[in-house]
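Structure record follows, encoded as structure tokens.
In what follows, chains are A, B, ... by sequence order, proteins preceding strands, each numbered from 1. We use all heavy atoms of the structure for the numbers below, so side chains are in, but hydrogens, waters and symmetry mates are not.
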Amino acid sequence: MPELENSNQILQLVNLEIGFKGKSILNNITVSAGVHELVALIGANGTGKSTLLRTIAALMKKRGGELLINEVEIEKYKPVALAKQISFVSTENVGAEQMKVKEIVMLGRFPFTNWLGKLSKEDELVISEAMRDAGIIHLQNKNIFELSDGERQRVMIARALAQSTPLILLDEPTAFLDIPNKFELFRMLRKQTSESEKTIIFSTHDIELALEFSDKIWIIEEKNLSEITPENLIMDGKINTIFKQNNLKFNPEHWNFSYDESYQTEVFLEGDKALFLLTKNALKRNGIGITENKNTHLIVFIEQNKNQIHWVLKKENIKFVFNSLPELIQTLKKETL
Amino acid sequence: MKKYNQYKTTFIFTILFVILLVVFFLDLFMGSISIPGTEIIKIFFSQESSSPEWLSIINNFRIPKAFTALLAGAALSVSGLQMQTVFRNPLAGPDVLGITAGASLGVAITVLGISTLLPEAFTGFSGNGPVVIAACMGAGFILLLIFIVSLRIKNVITILILGIMFGSGIFAVVSILQYFSPASSLKSFVIWTMGSLSGVTKSQLHVLLPVIAVGLFLAFIHAKTLNALLLGENYAKSLGVNIRTSRFFIFFSTSLLAGSITAFCGPIGFVGIAVPHIARILFKTSNHHVLIPGTILIGAIMLLLSDILTLLPGNDSVLPINSVTALLGIPVVIWIIIKNKKIA
């Protein structure tokens, strides 16, 4: 049933070519996004993530191909009609003197109000709902300059929610946020797409979080954009091609990227999971690698009894016991020399 | 909360309106010849007076002057507000697009150039008619340039820089003209640059009023767009604003407002920069539906007040209006910069 499937696609890109100043950045982009989908756009710096989002938001002209919003070519939309389909949040700092949070969120109703900008009861309702969803209702009478980066980002998202568009585009929404705020934001986006008929596409450098929360990944690598689920991205090992030049590898076990180094000294490490990870991290930081090979000449066991932790280093059948990590590291470092 | 704010806004508007009426009549009252207040009110409402001399002074001088002050204050303040929003720059004013400079060039060519080259042809130059026409043409020429540029250049800051560059270039040309001019015509040019509200006659007011009305009307209907532009052009566009057309009309409105006032009254500084800030602080909003009427009232009050202050030395001497507006406006601008560190 391809027709039924199509009708769920708010955005379809067919052989789209993007770029600016006469230069093509990406071409042959053929992907789509449907309702209830949270799509993460990932790729290294300068690969065209922002350009793609800006092109979809009609802030830039496409260079070729098709860009369909609800199966209608984007260039056929009048500005106000398009503003009812797509809302956009960038990292741009906004606001003017004496501009209150609520006034900014109210601007989201711009496409729906008359020339006087008069808000109806329904508009007011949408505005308070958007502020509540973005968690900024307590800030509504504050001046935009009084807010933190995280709060300001949420104000701009509330404005996009107030625009009540089926498609929301976010350009690096997590860029200036600390870790709790990043999680908070992703949870909010997740909630929006699962509870309402919305599609959210965002670009990000927080790939670990994107993999955890998104339904779909649009990945740009080697001047090519492809669509993949987070699971397939990891299982195929394709994720390791993103930062191949930088020697970064994704560890599904720890759900993070780490530097893929070769070490002069390698040990076989065994121990309780939490202590294992702690020790591994400390060793790697000090230039000591972890090997899966049990037959290596350096073996470290982590022993835990009562509240005492011991690191036992076995070197060619001689045992050394350490009561702290620094002691172990110091000894192993001497091995390197 | 919302109701409370609305009442507060209405209250401020009422107070401002009362102040406007007071300073308007005070302005009619002030002058080298003292006329009793009751007579002034009688003349204003019934066109009758016990003295034909008083009737003439009030009707032909003080009323046109007070209306000119009112219009100039409103026009310059609204154009300043529009420029600050469009360029997202708190120190932008009506002169940033080079409009004032353009008007100066027109006047300089007329007063300095033609009078120097063709002194015989210039003997009839007494009224300010040719000056007004020249200033309009100068301002219009710069506007045309800005329009052409604004259609081609997307980045609004680039337009701002170009406007300032045009302005500086033109002032350089004006300086050259000044350098080669005889003292007599130089003096009339310098007097024009000091600004004057009293040069506008009753019949000229019939031209000025509709031009200002159109400019203010355009500003009013773009209030919603100006609100969206506070977020920057990208956001405004994503909200459904047609950037090109709205930019065109906002520039057009600014040009009508600032251009015509500069043509008739000379370059009056600081009102356009300071008044929008006073309005924002007073109304605690950046909503243009409130700020536009607010700046009109505050601008009119400020210029009427400045006009009253020009008469302070008493008797026959009158201070140049430009110096008074500057002395009133500069402290406001300095205060803004110090208070809003985040903006400056």
Side-chain angles (χ1 to χ4, degrees), chain A residues 20 50 53-54 56-61 77-100 102-119 124 128 140-141 143-146 155-156 159-160 162-163 165 168-169 171, chain B residues 1-2 4-5 81 84-92 154 217-218 220-246 276-292 294 336-337 339-344:
Chain A
F20 55 90
S50 285
L53 290 177
R54 283 160 170 271
I56 299 171
L59 297 176
M60 289 172 92
K61 278 214 160 73
Y77 282 92
K78 290 228 163 68
V80 172
L82 194 66
K84 288 179 180 173
Q85 298 294 330
I86 307 173
S87 51
F88 178 69
V89 178
S90 72
T91 46
E92 203 181 332
N93 237 337
V94 297
E97 194 191 344
Q98 303 290 341
M99 197 165 197
K100 291 200 190 72
K102 197 180 174 187
E103 287 183 313
I104 291 184
V105 180
M106 273 159 66
L107 284 175
R109 298 310 290 167
F110 187 96
F112 302 91
T113 55
N114 63 2
W115 67 278
L116 277 169
K118 180 112 183 85
L119 297 171
E124 294 275 4
S128 11
Q140 58 177 310
N141 289 310
N143 195 310
I144 186 77
F145 288 120
E146 297 173 61
V155 172
M156 292 320 287
R159 186 205 50 87
Q163 212 174 324
T165 55
I168 302 176
L169 305 172
D171 194 6
Chain B
M1 189 71 199
K2 197 192 145 206
Y4 170 74
N5 279 339
L81 173 69
Q84 287 173 7
T85 300
V86 168
F87 291 115
R88 295 174 75 197
N89 188 327
L91 292 177
K154 286 216 175 92
F217 174 74
L218 282 176
F220 259 119
I221 60 171
H222 282 89
K224 187 184 160 184
T225 304
L226 285 163
N227 283 344
L229 282 169
L230 285 173
L231 298 180
E233 292 198 343
N234 276 338
Y235 274 123
K237 204 174 169 188
S238 85
L239 285 167
V241 172
N242 188 332
I243 297 294
R244 270 193 188 182
T245 34
S246 39
H277 290 286
I278 300 173
R280 281 188 207 102
I281 290 161
L282 209 56
F283 290 98
K284 289 201 169 50
T285 185
S286 55
N287 181 357
H288 289 79
H289 291 292
V290 175
L291 286 182
I292 292 174
I336 291 154
I337 295 169
K339 187 174 162 271
N340 295 306
K341 289 191 187 89
K342 275 195 173 155
I343 297 168

Check your understanding: For residues 105-116 of chain A, which residue pairs qualify under salt bridge (charged side-chain N to carboxylate O under 4.0 Å, His left out), counting only residues two or more places apart or in two chains?
Key -> A:Arg109-A:Asp123
**Study point:** Contacting region of B:Ala228 [heavy-atom separation from chain A under 4.5 Å]
**Key:** both
Point to revise | Atom group of A:Met156 that falls short of 4.5 Å from chain B, counting heavy atoms | key: side chain
Point to revise | Heavy-atom contact with chain B under 4.5 Å, split by part of A:Ala57 | key: neither
Check your understanding: Using a cut-off of under 4.5 Å for heavy-atom pairs, which of A:Ile86, A:Leu169, A:Leu116, A:Val80 has the most such pairs with chain B?
Key -> A:Leu116
Keeping the roles fixed (side chain from [X], backbone from [Y]), state whether a donor-acceptor pair exists under 3.5 Å.
X	Y	result
A:Gln85	A:Leu82	no
B:Tyr235	A:Ser90	yes
A:Lys118	A:Thr113	no

**Study point:** Pick from B:Lys237, B:His222, B:His289 with the largest number of heavy-atom pairs that fall under 4.5 Å of chain A
**Key:** B:His289
**Study point:** Contact check, side chains of A:Leu107 and A:Met99, non-hydrogen atoms, under 4.5 Å
**Key:** yes
